[in-house]
Amino acid sequence: MSAIRFSLAILAAASVLPAGAAAAQRHLYIVQLSMQLPTPPDAAQRKAQREAGRRAVLSLVPDATVQYQYTAVLNGFAALLTPDEVTRLRASPLVARVAPGTEDQFNDGGTHTTAAPRPQR
């Protein structure tokens, strides 16, 4: 079978798939966790509490691809999420806000995240 015929066969097969068979498209979102628990006075306890909160929220969307985790300014993360995952997170009392993000928000070298800094150009 020639490469052209093979490509056409693949395209024809793909066109008969049901609409729901395609994987949901993921988009970048920033997820901010709510602060429902009293803040412990000890820094190590605060850090542990925030990490536990992030793990609990991330367990709601186990297939999400986390891009960054925020620890300094807000407690949260940026992840590639499907529409269903966004709905699930917005319904959780552990989540304060889920907002669309853009790659432009992450081009500062990672200084406000736990991501490794990008090399200077």
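- Across every non-hydrogen atom of Gln67 and Leu80, the tightest pair is NE2-CD1, 3.5 Å.
- A heavy-atom distance below 4.5 Å is found between the side chains of Leu89 and Val61.
- One N or O on the side chain of Ser34 and one on the backbone of Pro93 form a donor-acceptor pair closer than 3.5 Å.
- Going from atom CZ of Arg90 over to atom CG of Leu60 covers 14.5 Å, rounded to the nearest 0.5 Å.
- Looking at every heavy atom in both residues, Val66 comes nearest to Ala79 through CA-CB, 3.9 Å.
- A 4.5 Å side-chain heavy-atom check between Arg97 and Val31 finds every atom pair outside the cut-off.
- Between the side chain of Thr87 and the backbone N or O of Pro83 there is at least one donor-acceptor pair closer than 3.5 Å.
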Trace of the side chain to side chain contact (heavy atoms under 4.5 Å, CB included) decision for Asn75 with Tyr70 | CA-CA 6 Å; Asn75 187 18; Tyr70 302 103; over 6 Å; no
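- Residues Lys47 and Glu51 are in side-chain contact: their nearest non-hydrogen atoms beyond the backbone lie under 4.5 Å apart.
- Looking at Arg54, its side chain never comes within 3.5 Å of a backbone N or O of Gln69 through a donor-acceptor pair.
- Using a 4.5 Å heavy-atom threshold, the side chains of Val95 and Arg88 count as separate.
- For the pair Gln25 and Thr82, the minimum side-chain heavy-atom distance is 4.5 Å or more.
- Using a 4.5 Å heavy-atom threshold, the side chains of Ile30 and Phe77 count as separate.
- The backbone N or O of Leu74 lies less than 3.5 Å from a partner atom in the side chain of Arg50, making a donor-acceptor pair.
- The nearest pair of heavy atoms linking Leu28 to Ala78 is CD1-CB, 4.2 Å.
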